[in-house]
Amino acid sequence: MTTDHGPRTTDQARRLWRRAQAVCFDVDSTVSPEEGIDVLAAFAGQGDAVAALTQRAMGGAVRFEDALRERLALIRPSRDLIERCLRAHPPRLTPGIDRLIAALHARGTPVYLVSGGFEPMILPLAKRLGIVADRVHANCLHFAADGAYAGFDAERPTTRSGGKGVVLGQLKRSFAYDPLIMVGDGVTDLDARPPADGFIGYGGIVVREKVQAEADWFVTDFTELITALE
């Protein structure tokens with residue numbers, strides 16, 4: 001059983017990666033080149049204010065739950081707004097992520113998406129990647145009868161700082177994955193190790209200094225991860 005969660009050498013991280021029994025990916029700026037909430041905010045005319053809050057949250061300068069609440073208060077995303085945004089800006093995949101996830105699936109390795117973003121923005125990506133909906137752990141929005149924004153499900157672990165670690169801990173307890181690997185670009189992803197047995201930092205969209213410094217393995221191209229599996 002894997003018990004040492006401290007930083008590893010890149011070679012150690014590669015060996016752990018090849019033995020992964022499950023892999024959890026962040027979505028925004030990892031699986032997708034965009035921050036979904038920023039796309040939604042720009043569509044709602046609140047782009048600059050929300051983008052600033054996103055950067056502060058991803059860099060660890062403000063608690064994620066506080067930034068989430070503030071951003072949603074600015075956007076007030078109705079069901080109609082989300083649907084129009086998705087039609088105008090279909091979610092995009094980061095180059096190489098489809099091949100990487102296909103390679104993991106071909107090995108029989110379960111893949112999860114664990115995100116502080118919103119299910120309506122993430123489920124279309126999961127479908128394209130062949131990831132079933134019950135392996136998506138993200139935030140749930142509430143709507144009034146007329147479709148107006150009515151808050152969010154604050155009970156979801158992904159609404160708060162440390163929430164990704166809570167999700168990974170639940171997965172480990174439920175399925176005994178060992179090792180379980182987390183891949184992402186942000187401090188919220190880094191903080192999920194432990195319970196993740198290894199953390200791979202992704203910097204192909206944005207490089208965050210703390211993530212680059214503390215990741216077990218830092219990559220800027222998913223081809224590196226595909227090659228290591230081979």
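Positions are given from 1 along the sequence.
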Engineer: Could you tell me whether K210 and E214 make a salt bridge, using a distance below 4.0 angstrom between a side-chain N and a carboxylate O?
Structural biologist: yes
Engineer: Under a 4.5 Å cut-off applied to non-hydrogen side-chain atoms, are W17 and V23 in contact?
Structural biologist: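 Yes, close enough: below the 4.5 Å cut-off.
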Engineer: Any salt bridge (Lys or Arg N to Asp or Glu O under 4.0 Å) pairs touching residues 102-116, not counting sequence neighbours?
Structural biologist: none
Engineer: Using the salt bridge (Lys or Arg N to Asp or Glu O under 4.0 Å) criterion, which residues pair with D98? Sequence neighbours excluded.
Structural biologist: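 So D98 forms no salt bridge (Lys or Arg N to Asp or Glu O under 4.0 Å) with any residue.
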Engineer: Could you tell me if the side chain of W217 sits less than 4.5 Å from the side chain of L16, heavy atoms only?
Structural biologist: no
Engineer: Quick check on the hydrophobic clustering: are I97 and I205 connected, directly or via other members, by side-chain heavy-atom contacts under 4.5 Å?
Structural biologist: yes
Engineer: Looking at residues at least two apart in the chain, or sitting in another chain, which of them share a side-chain hydrogen bond (donor to acceptor under 3.5 Å, both in side chains) with R15?
Structural biologist: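 So R15 forms no side-chain hydrogen bond (donor to acceptor under 3.5 Å, both in side chains) with any residue.
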Engineer: Answer whether the closest heavy-atom distance between the side chains of L180 and F175 falls below 4.5 Å.
Structural biologist: no
Engineer: Taking C-beta and beyond as the side chain, do I226 and E230 meet within less than 4.5 Å on heavy atoms?
Structural biologist: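 Side-chain contact under 4.5 Å: yes.
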Engineer: Less than 4.5 Å apart, any side-chain heavy atom of D26 and any of T188?
Structural biologist: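 No, side chains not in contact.
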Engineer: Would you indicate whether the side-chain heavy atoms of I82 and L40 approach each other to under 4.5 Å?
Structural biologist: yes
Engineer: Ignoring hydrogens and angles, tell me if any N or O in the side chain of D216 forms a donor-acceptor pair with the backbone of I200 under 3.5 Å.
Structural biologist: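 Not confirmed, D216 side chain does not pair with I200 backbone.
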Engineer: Hey, are the side chains of L168 and Y112 touching, using non-hydrogen atoms and a 4.5 Å cut-off?
Structural biologist: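 SC-SC contact between L168 and Y112 ruled out.
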Engineer: Give me the atom names and distance for the closest heavy-atom approach of V211 to G201.
Structural biologist: CG1-CA, 3.9 Å
Engineer: For D185 and T30, indicate whether the former's side chain and the latter's backbone hold a donor-acceptor pair under 3.5 Å.
Structural biologist: no
Engineer: Using only atom types and a distance under 3.5 Å, with no angle test, would you say the side chain of Q21 pairs donor to acceptor with the backbone of D178?
Structural biologist: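 Checking the backbone N and O of D178 against the side chain of Q21, a donor-acceptor pair under 3.5 Å is found.
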Engineer: What are the two closest non-hydrogen atoms of A150 and A144, and how far apart are they?
Structural biologist: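 Between these two residues, the closest heavy atoms are CB-N, 3.7 Å.
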Engineer: Just to verify, what does A213 make a side-chain contact (heavy atoms from CB on, under 4.5 Å) with, not counting sequence neighbours?
Structural biologist: none
Engineer: side-chain contact (heavy atoms from CB on, under 4.5 Å) between F152 and L68: does it pass, once the steps are laid out?
Structural biologist: CA-CA 10 Å; F152 60 95; L68 178 64; 4.0 Å; yes
Engineer: Taking ring pair (Phe, Tyr, Trp, His ring centres under 6.0 Å) as the test, write out the residues that go with F118, two or more places apart.
Structural biologist: none
Engineer: How about D48: does its CG atom have over 12 heavy atoms from other parts shown lying under 6.0 Å from it?
Structural biologist: no
Engineer: Using the ring pair (Phe, Tyr, Trp, His ring centres under 6.0 Å) criterion, which residues pair with F143? Sequence neighbours excluded.
Structural biologist: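 F143 satisfies ring pair (Phe, Tyr, Trp, His ring centres under 6.0 Å) with no residue once adjacent residues are dropped.
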Engineer: Can you sort out the partners of Y149 under side-chain hydrogen bond (donor to acceptor under 3.5 Å, both in side chains), two or more places apart, ordered by chain and number?
Structural biologist: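 Partners of Y149 by the side-chain hydrogen bond (donor to acceptor under 3.5 Å, both in side chains) criterion come out as none, since no residue qualifies.
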Engineer: Could you pull out all donor-acceptor pairs under 3.5 Å where a side-chain atom in residues 119-136 meets a protein atom, sequence neighbours excluded?
Structural biologist:
from: E119; atom 1: OE2; to: R156; atom 2: NH1; distance (Å): 2.9
from: R128; atom 1: NH1; to: P91; atom 2: O; distance (Å): 2.9

Engineer: Which residues pass the side-chain hydrogen bond (donor to acceptor under 3.5 Å, both in side chains) test with E34, sequence neighbours left out?
Structural biologist: R92
Engineer: Do K164 and D191 sit within salt-bridge range, that is, some charged N less than 4.0 Å from a carboxylate O?
Structural biologist: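 Answer for the salt bridge query: no.
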Engineer: Is the shortest side-chain heavy-atom distance between Y202 and V219 below 4.5 Å?
Structural biologist: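 Yes. Closest side-chain heavy atoms under 4.5 Å.
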Engineer: Listed by chain and number, what are the side-chain hydrogen bond (donor to acceptor under 3.5 Å, both in side chains) partners of D11, not counting sequence neighbours?
Structural biologist: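 Partners of D11 by the side-chain hydrogen bond (donor to acceptor under 3.5 Å, both in side chains) criterion, ordered by chain and then number, come out as R14.
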Engineer: Can you name the salt bridge (Lys or Arg N to Asp or Glu O under 4.0 Å) partners of R84, sequence neighbours left out?
Structural biologist: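 Salt bridge (Lys or Arg N to Asp or Glu O under 4.0 Å) list for R84, sorted by chain: D80.
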Engineer: Can you name the side-chain contact (heavy atoms from CB on, under 4.5 Å) partners of V167, sequence neighbours left out?
Structural biologist: V114, H137, P157, T158, L171
